[in-house]
2 protein chains.
Amino acid sequence: MTGPRYTPLAASLPATVPFVGPEAQERARGRPFAARIGANESGFGPAPSVIDAIAEAASGAWMYGDPENHDLTQALATHHGVAADNIMVGEGIDGLLGYLVRLVVGPGDAVVTSDGAYPTFNYHVAGFDGTLHKVPYRDDHEDLPALLARAAEVDAKLVYFSNPDNPMGTWHCAEAITQAIEGIPEGCVLLLDEAYVELAPEGTAPPLDVANERVIRMRTFSKAHGLAGMRVGYAIGHSELIRAFNKVRNHFGMSRVSQQAALASLVDQSHLQKTIARVAAARERIAGIARANGLTPLPSATNFVTLDCGRDGKFARALLQELISRDVFVRMPFVAPQDRCIRVSCAPEEELAVFEQALPLALASIT
Amino acid sequence: MTGPRYTPLAASLPATVPFVGPEAQERARGRPFAARIGANESGFGPAPSVIDAIAEAASGAWMYGDPENHDLTQALATHHGVAADNIMVGEGIDGLLGYLVRLVVGPGDAVVTSDGAYPTFNYHVAGFDGTLHKVPYRDDHEDLPALLARAAEVDAKLVYFSNPDNPMGTWHCAEAITQAIEGIPEGCVLLLDEAYVELAPEGTAPPLDVANERVIRMRTFSKAHGLAGMRVGYAIGHSELIRAFNKVRNHFGMSRVSQQAALASLVDQSHLQKTIARVAAARERIAGIARANGLTPLPSATNFVTLDCGRDGKFARALLQELISRDVFVRMPFVAPQDRCIRVSCAPEEELAVFEQALPLALASIT
């Protein structure tokens, strides 16, 4: 019996998940984690007003969400001082990345990213048969001039760049980005992933310039807003590129409850400010724990701190396993030399105390 | 300044929405609908237990959903008596349709559907450059033998067939489907969309046969379960085809709150049975209103009733507009001769009373 005839591309793709979730690890381990500080989620949670909004939206869950995401789009446009047609709401940045890649990347088309940057972006590029060119990090920072130079060299249609960066937590100031943007090659789009930007120092995000067809920015409610589980991200860009998402997106893909949660969270700027302060304090706390144990915390503009373990990837991977076996869910960079580090998400004190207790034991067991 | 270089396919696609949402119509009209009975949502709502589960899940919305959808998948597997690797959960049937089309349909690949069946499926086929072949309805029923004959003729890789059907509400018995399935051509997959099947008479769904590589079934929490706004659907099929979704899906695309809502709804079978009874009563009520106004209700195995207006598409479209202008949100089939009908979703009495009042006025204004 002949089964489905997959496309040659689909037949060639591996059936993998870009990240194994903590739940899968808990099932494999047979017990829950005591500290969930590996996925850069926000243990500080959504605002109480957002929790209320979700509960209130529940009885209306029988209705499809507005496929135009009108109310949320309008609110975001007002918030950012752009027009509604410069905003596209979608199922998290992951979903929007997939749509953007699909719009511009076909078989063999060149795409540029940093070696060790966001794997889900790479997954989408592979999924549409693009050719990925990787540029090394420079001193644990993504290197925008080098990315754009490579883009010019390989005639790239798309460049991925996150600021602040994940997994290193490092960042560039707005001026450096603005200057680099001048050099985006013709016919190339710079995807500026700003998932963590609300948590970065003032002056990290360049001013929005939606007249520039060569830049698209992505933001999310998953990090500072504490709504990773609701799947709401958005793109900010030139109206023509924004409109193009309507060619390929899942128009009814947004949960109605998520639309309302995001809207409520956008309104509650005071909770956002509180979270930003809590994240800053947690960064200090994580850095202190690290230093007390001989690890070096990297400066971070995100809701996580990347800890240089001072040795090679093998050592960091061993440490990661020891932490996991001590019920601490953490992750680490995949690629050398960044894989000398582990990455710890900001979280309430209760979970950081678990980390504080586990870290010296984990280190002792491998040194 | 040269903007993005879209793929030739993306450049050729229109930037449209398969359906305009009722919210967009309300914004255009400047006032809300009094009866939302056009999108086959379930005004009977989610179960109270599900509303509680959503509220309870809200404080955990800071966590990403399990990318393996483990708990929901296990529960569905148990419910249907299949293995977990025969189930793929996704962002509504719409999302899963997109993934399936992407897996098998490339440029010029033949796909077969009924002329006037689900437009979102056609949207996905166009989005991956497939060639769509359309088979006419036969007596307001999708015609599975004709669909499969056409599939053999054009060497189709995928056939879409919904049972019960949308937009006509008609259905075939399990035996007819089972018999037709024997004739699926080699290398062809039959996509059996069973979005409404919980609302159909006993004996409408053929037995699940997950050993058959040529059939994939799709189900949803959007209709009988009253959770359209949560975006949860699932596919049931051969483990190899199910596994293939991992090549292209948005692994972290499911809302964690939606996962929990669906799980709670699956558990609450008593509410589901109540909804099924309410839908059956509402079908009778809609049929009665139609007959009292000289329209002919078609037999329905769904949560809507399609009403034959007895004249041509122009007449039905005029009637639809008159109903909309009287604050009744309804839709209608797009294609002749089915477009002689309008389609009314089952709903609580309050909304059907609005329809009952509006219908004679709408008819009077155009006859």
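As a basis for the values below, the full set of heavy atoms in this structure was taken, side chains included, without hydrogen atoms, waters or symmetry mates. Lettering of chains follows the sequences in order, A, B, ..., and the numbering in each one begins at 1.
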Under 4.5 Å from a heavy atom of chain B, the part of [X] involved:
X       : result
A47(A)  : neither
F44(A)  : neither
T16(A)  : backbone
V248(A) : both
V105(A) : backbone

Using a cut-off of under 4.5 Å for heavy-atom pairs, which of E91(B), E56(B), H238(B), K157(B) has the most such pairs with chain A?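 Top count of heavy-atom pairs under 4.5 Å with chain A: K157(B).
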Between chain A and each of R102(B), M230(B), K223(B), R243(B), count heavy-atom pairs under 4.5 Å; write down the option with the most.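 Answer, by heavy-atom pair count under 4.5 Å with chain A: R102(B).
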Is it the backbone or the side chain of [X] that comes under 4.5 Å from a heavy atom of chain A, or both, or neither?
X       : answer
R27(B)  : side chain
A11(B)  : backbone
P4(B)   : both
D155(B) : both
R231(B) : side chain
F128(B) : both

For the residue pair F19(A) and F252(B), does the interplanar ring angle fall in the parallel (under 30°), tilted (30 to 60°) or perpendicular (over 60°) class?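 Judged by the thresholds at 30° and 60°, the geometry between F19(A) and F252(B) is perpendicular.
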Between R256(B) and E41(A), is there a side-chain N and carboxylate O pair less than 4.0 Å apart?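 No, R256(B) and E41(A) are not salt-bridged.
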Criterion side chain to side chain contact (heavy atoms under 4.5 Å, CB included) on Y6(A) and L241(B), from CA distance to verdict: CA-CA 9 Å; Y6(A) 299 103; L241(B) 179 52; 3.5 Å; yes
Qualifying residues under ring-ring contact (aromatic ring centres under 6.0 Å, His included), relative to H251(A), sequence neighbours excluded: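 ring-ring contact (aromatic ring centres under 6.0 Å, His included) list for H251(A), sorted by chain: Y123(B).
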